[in-house]
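These values consider heavy atoms only, across backbone and side chains, with no hydrogens, waters or symmetry-generated copies. Atoms within each ligand, like the ligands themselves, are counted from 1 in listed order. For reference, positions follow the sequence shown, starting with 1.
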Amino acid sequence: MRTSRYEIENLTTWLLKQEQDGHMDTELAIVLASISLACKKIASLLQRSNIINLTGAQGTMNIQGEDQKKLDVIANEVHCLQFFVYLHFQSVRTPQTVKLTQRLGGNGLDCCLYVCSVIINIKKVCSYRVSLLLSSTIVKVLLYQNIQGEDQKKLDVIANELFCNSLRASGRTGIIASEEEDVPVAVEETYSGNYIVVFDPVDGSANIDTSLTTGSIFGIYAPDKHCLFDIDDHSTLAQEQEKCVVSACQPGSNLLAAGYCLYSSSVVFTLSIGRGVLAFTLDPAYGEFVLTHENIRIPSTGKIYSFNEGNYDLFDEKLQKYLDDLRKPGSNGRPYSGRYIGCLVGEIHRMLLVGGIYGNPKNKKSKNGNLRLLYECAPMSYLVEQAGGKATDGSQRILDIRPDQVHQRTPIFIGSADEVEKLEKYLY
Ligand SMILES: O=P(O)(O)OC[C@H]1O[C@](O)(COP(=O)(O)O)[C@@H](O)[C@@H]1O
């Protein structure tokens, strides 16, 4: 609740309030802050992706005598930025820093916020320096593919590095599972929290080269004892990591938080911690995500449907019948409108605001559709259900499906509750 007409709630103050009100612990607040920072970096890259060029070595050596790629420098800078975020949260929290800031004059909280604003300014300067470092034509495909055999865009790789380094720097992440990593990575820099974070660093990466909508998707699971490395334990790191992989493959119903960042005409960070869905829009004037949607509720119906109808002939007959009927005039005398962005984040964002249905079904070419369960479908289904919508694979709730493998795909139909139920009647 705002105390003044002029108060602007932003992601940083919202996270602090959630922590102070006991809706999340400090570790989760720091993980979410880290994710939002990685998203800001990716947004900056995307907005410049057609005008800057990032190739080859940085021309410097690190302490191990290794050639540093520009990316190493960037990742290190992001690491430094995270330290400021860490200080920011610590400066508000520990009695010592409150005493310290009280000596600076004023009451503890005012001074803490002063210290925080100084830190945020440092972060912004570093952030600007990092973005200046970037000179990249991030539109050429790298000469290698991810485990799924998909051509990785440069930004897929860079965004993955940014996410991984932000999460490692938070010190609160026990394991990270990414679309761009072959297997989940146990994070050795963890010293508290041990959260499990799954993410797709750039969703809709086929849109990068044409400057169209893309996004990042993330989900956060509770810490798992398997990710606490017991140095006295004689098991090898590989055995530890194997245990971690198992703990990363959880059903979406176990999610503690999930969200996405939309990179379009606006950069919008949308999340839920299990108490409804909120969206924060990046204000370039001061580099913060500003609260713009306090409680998103998806309309129960919507006349926009999103299916890749290029695969129509490959769909099963029941689904073809459903799509055929959508194109016939309805009770209002008009048919549904077809929209397909080629970016799950863009489709879901539009649906959360105006309703509708998105489908990425199985077809004769791919028996489970194109989307991955763990870091695309489950986080999006969590968000849509939190907003009052539904998500199914055609026979069961997406959030009830336990992944057997990290990159397992699933068919998905997601959106307004009435629209999903209408489709289910055709499929049963
Ligand atoms: O090409 P298809 O089968 O229509 O699938 C498009 C879907 O795949 C995705 O592009 C997945 O993209 P990424 O692989 O880049 O994460 C979704 O964003 C989009 O909704």
Side-chain angles (χ1 to χ4, degrees), residues 38-39 42 45-46 49 138-142 144-160 162-163 176-182 198-219 258-264 268 270 304-316 319 323 338-352 356-381 383-384 391 393-394 398 406-415:
C39 290
I42 296 166
L45 283 167
L46 280 161
S49 61
I138 310 172
V139 289
K140 294 190 186 69
V141 177
L142 289 175
Y144 44 85
Q145 299 183 330
N146 62 17
I147 192 169
Q148 298 146 99
E150 296 166 340
D151 281 344
Q152 285 182 307
K153 302 285 185 188
K154 278 191 173 180
L155 203 62
D156 280 324
V157 177
I158 293 176
N160 187 55
L162 290 174
F163 255 95
I176 49 185
S178 162
E179 175 180 335
E180 305 307 331
E181 299 283 350
D182 297 359
V198 300
F199 58 88
D200 176 0
V202 180
D203 168 64
S205 41
N207 286 348
I208 295 173
D209 300 12
T210 49
S211 301
L212 295 177
T213 302
T214 51
S216 299
I217 306 170
F218 66 89
Y260 60 77
C261 193
L262 170 77
Y263 309 115
S264 183
V268 184
T270 302
I304 295 177
Y305 72 104
S306 302
F307 285 74
N308 181 349
E309 291 188 89
N311 295 324
Y312 178 88
D313 293 342
L314 304 174
F315 293 157
D316 71 41
L319 185 58
L323 293 171
R339 296 277 187 281
Y340 200 70
I341 303 175
C343 171
L344 179 63
V345 169
E347 317 279 8
I348 299 295
H349 188 70
R350 181 197 61 239
M351 234 163 29
L352 283 172
I357 184 167
Y358 169 87
N360 202 299
K362 65 183 179 192
N363 62 61
K364 292 180 185 119
K365 268 193 312 187
S366 47
K367 66 178 175 37
N368 283 317
N370 178 39
L371 295 179
R372 276 59 51 132
L373 171 60
L374 185 65
Y375 42 76
E376 289 172 327
C377 297
M380 288 311 206
S381 301
L383 273 181
V384 166
D393 70 350
I398 292 286
V406 173
H407 299 293
Q408 170 178 330
R409 296 174 195 261
T410 178
I412 182 169
F413 305 100
I414 182 171

| Listed once per pair and sorted, the salt bridge (Lys or Arg N to Asp or Glu O under 4.0 Å) pairs that draw on residues 366-381, sequence neighbours left out |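 Every salt bridge (Lys or Arg N to Asp or Glu O under 4.0 Å) pair that includes a residue of residues 366-381, provided the two are not neighbours, is Glu150-Arg372, Glu179-Arg372, Arg372-Glu376.
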| message | Over 60° means perpendicular and under 30° means parallel, so tell me whether Tyr340 and Tyr358 are parallel, tilted or perpendicular. | response |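 Ring orientation of Tyr340 relative to Tyr358: parallel.
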| So among Leu155, Asp203, Val202, which one has a side chain to side chain contact (heavy atoms under 4.5 Å, CB included) with Thr214? |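 Checked Leu155, Asp203, Val202 against Thr214; only one passes side chain to side chain contact (heavy atoms under 4.5 Å, CB included): Val202.
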| query | With sequence neighbours excluded, what pairs up with Asn368 under the side-chain contact (heavy atoms from CB on, under 4.5 Å) test? | reply |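 Partners of Asn368 by the side-chain contact (heavy atoms from CB on, under 4.5 Å) criterion, ordered by chain and then number, come out as Arg409, Pro411.
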| query | Backbone N or O of Leu374 within a donor-acceptor pair of the His407 side chain at under 3.5 Å? | reply |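 Pair absent, no side-chain N/O of His407 close to backbone of Leu374.
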| task | With sequence neighbours left out, write down each residue that passes ring pair (Phe, Tyr, Trp, His ring centres under 6.0 Å) with Tyr260, or none if nothing qualifies. | result |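 Testing Tyr260 for ring pair (Phe, Tyr, Trp, His ring centres under 6.0 Å), a comparison that skips the adjacent residues, returns His349.
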| Under 4.0 Å from ligand 1, counting heavy atoms only: the protein residues, by chain and number |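 Heavy-atom contacts below 4.0 Å: Glu150, Glu179, Asp200, Val202, Asp203, Gly204, Ser205, Asn308, Tyr340, Gly342, Cys343, Leu344, Tyr358, Asn360, Asn370, Leu371, Arg372, Glu376.
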